[in-house]
Number of protein chains: 2
Amino acid sequence: MLDHLLNPTVKDATQFIGRYKSSRVIVIYGQVEATYSGRAAAQLRLMPRLIITKPDGVLMVHEGYREKPVIWNPPGSQLFVSVDGDVLVLRSIRYSPREYVTIRIHKVYMVSSMEIGLTEDFKVIGTEKDVVDAIMANPSLVEDGFKVLSREYETMVGSIDILGEDKLGNLVVVEVKRGEASPEAVHQLKRYVEYIKGKNPGRGVRGILVATGISTSAYRYLKDYGLEFRRYTHANIINYT
Amino acid sequence: MLDHLLNPTVKDATQFIGRYKSSRVIVIYGQVEATYSGRAAAQLRLMPRLIITKPDGVLMVHEGYREKPVIWNPPGSQLFVSVDGDVLVLRSIRYSPREYVTIRIHKVYMVSSMEIGLTEDFKVIGTEKDVVDAIMANPSLVEDGFKVLSREYETMVGSIDILGEDKLGNLVVVEVKRGEASPEAVHQLKRYVEYIKGKNPGRGVRGILVATGISTSAYRYLKDYGLEFRRYTHANIINYT
DNA sequence: CGTGCCAGGTGCCCT
DNA sequence: AGGGCACTTGGCACG
């Protein structure tokens, strides 16, 4: 199930990788230099690093710190293994946009591989969708008397999370953020409100930002624009998901 | 330099991880279940997976596909190792925001570790900063006769990449994007232009979006708003970085 | 396949 | 520590 080679020859390592690269996750500890070129470009000098490949084409070069790889190609890339003298060479091509990663491994300390699956039904709880779902099920989470007219209402300037109506008959644009609302979210809401106002002359239009919190600067914009904020907590929505 | 254990006992694996967790990268192949809770929540049932820890506190649970870990905690988190019967337990705490990852490893196929450094002077070429640098060095990249007045000009609605003046004395707001410009970039530029117009009544104010390309919808907004687009290619700027 | 947008985004720089 | 923003953003759903 788990296969590995310690201090393999270049030839053995090449064979190992060739055998498993399209069906398994492969982990390589090695003395590595690497380059990336495409939309941008970067270069890494020789140093011990960790290489990971996955059967979907993922290629990552990890260093000793940080969560993200320092150089990578995403799923859908194609991996080629070859030998250049004493150096094991991995080349990865991403096709759209065109991006190249070349890894030269001067010394392989270990290469290992195991078949690893994918959690098909993986689900994160507490996403924006969950919040919108909860509001759809219980509109009063926005405010008393709120009625939903439409979800994901498409406009020329983007799609509105929820378009509704308050108890006085005003149109209400609701923008939902799953976390701390940023100024960008306020600008977004303002755009929607202006669009709806333009489409419904003479009718009252309000904008409500629903989020777990809001930054001070975002709150300032919000007030300047005459928009409103409604805080929710996980506890508010958990009963409706 | 490289250390590893094959099919270790829980006790040995625990010792191994405890010994290296604050100084080295550790890779574990194992039969794993995991939970995450914090701003959101998620759960993984027992399955073979790949665990990686780094001395800066990074903890990642990788599956057989995708570039990103399915569950993780970022740098700055703290890792605790313990044993629960026959199960190796990794608990990770991120402090701000408070988030918990718990990994239960029912079978360790292999645990390995190596000291890996960090490329201190790592530099990506072709970022937005590079483009702005190039314009600062050669303002005519924006247009003939363009003069820079200020970089990162701070306004109430965000910071303007470059504020300048054209040969006719109009103020020019320049927004730089390193890739394909999205509608969001156009809205951003529009905000800045409106702000500058408000601050400089009676003065001509233009807005120019500088990017390698622009999406069709973004271009429509741009034209609607009376803004301008200036394409650049990597070749344009490479001489000035 | 591009287009749009959320994400537990992460990382970087600044206050 | 928190704010603001770029990112080779990645990932997903949808036209």
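Convention: sequence-line order gives letters A, B, ...; per-chain numbering from 1.
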*Looking at A:Lys177 and A:Glu175, does any basic side-chain N land under 4.0 Å from a carboxylate oxygen?*
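Judged by the 4.0 Å cut-off on N to carboxylate O distance, A:Lys177 and A:Glu175 do form a salt bridge.
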Can you tell which of [options] lies closest to the side chain of [X]?
X	options	answer
B:Ala40	C:dG4, D:dT8, C:dG8	C:dG8
A:Arg178	C:dG8, C:dG2, C:dC6	C:dG8
B:Trp72	D:dC7, D:dT8, C:dT10	C:dT10
B:Thr127	C:dG8, D:dG2, D:dC7	D:dC7
A:Glu67	C:dG11, C:dG9, D:dT8	C:dG11
B:Val124	D:dT8, C:dC6, C:dG8	D:dT8
A:Pro75	C:dG11, D:dG11, D:dG4	D:dG11
A:Ser217	D:dG4, D:dC7, C:dC6	D:dG4
A:Lys68	C:dC6, C:dG11, D:dA6	C:dG11

*Assign each of B:Lys129 and B:Ser96 to its nearest nucleotide of DNA chain D by heavy atoms, then name whichever residue's nucleotide is nearer the 5' end.*
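Comparing both residues, the 5'-ward one is B:Ser96.
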*Which residue lies toward the 5' end of DNA chain D, A:Ala42 or B:Gly158, if each is placed at its nearest nucleotide?*
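Nearer the 5' end of the strand: B:Gly158.
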*asked:* Would you say A:Ser215 places a side-chain N or O within less than 4.0 Å of OP1 or OP2 belonging to D:dG4?
replied: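 For D:dG4, OP1 or OP2 has a side-chain N or O of A:Ser215 closer than 4.0 Å.
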Atom pair distance, as rounded to whole Å: [atom1] in [X] and [atom2] in [N]:
X	N	atom1	atom2	result
A:Glu175	C:dG4	CD	C1'	13 Å
B:Arg66	C:dG9	CZ	P	19 Å
B:Asp161	D:dA6	CG	C1'	10 Å
B:Glu184	D:dG4	CD	C1'	14 Å
B:Met60	D:dG10	CE	C1'	15 Å
A:Lys123	D:dA13	NZ	P	11 Å
A:Glu152	D:dC14	CD	P	9 Å
A:Arg39	D:dC7	CZ	C1'	9 Å

Have a look at [X] and say if it touches a base, only the backbone sugar-phosphate, or nothing, with a 4.0 Å heavy-atom cut-off.
X	answer
A:Asn73	nothing
B:Ser37	nothing
B:Ser182	nothing
B:Glu128	sugar-phosphate
B:Gln188	sugar-phosphate

*What do the steps show when you test A:Glu143 against A:Arg206 for salt bridge (charged side-chain N to carboxylate O under 4.0 Å, His left out), and what is the final call?*
CA-CA 12 Å; A:Glu143 72 176 16; A:Arg206 297 165 55 202; 2.8 Å; yes
*Which of these, B:Arg49, B:Lys68, B:Arg45, sits in a salt bridge (charged side-chain N to carboxylate O under 4.0 Å, His left out) with B:Glu63?*
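Per the salt bridge (charged side-chain N to carboxylate O under 4.0 Å, His left out) rule, the option paired with B:Glu63 is B:Arg49, out of B:Arg49, B:Lys68, B:Arg45.
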*asked:* Can you tell me how the ring of B:His187 sits relative to the ring of B:Tyr221, calling it parallel under 30°, perpendicular over 60° and tilted otherwise?
replied: tilted
_Gap separating the CG atom of B:Leu79 from the NZ atom of B:Lys54, nearest 0.5 angstrom_ =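 It is 14.0 Å, given to the nearest 0.5 Å.
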*B:Leu141 CG to B:Met136 CE distance, which is reported to the nearest 0.5 Å*: 12.5 Å
*Rounded to whole angstrom, note down the C1' distance from D:dA6 over to C:dA7.*
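Those two atoms are separated by 15 Å.
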*P-based separation of D:dT8 from D:dG4 [nearest Å]*: 23 Å
*If you pin B:Tyr221 and B:Val70 to their nearest nucleotides in DNA chain C, which one's is more 5'?*
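Mapping each residue to its closest nucleotide by heavy atoms, the 5'-most match is B:Tyr221.
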*Shortest non-hydrogen contact between B:Val174 and B:Asp161, atoms and distance*: O-CB, 3.4 Å
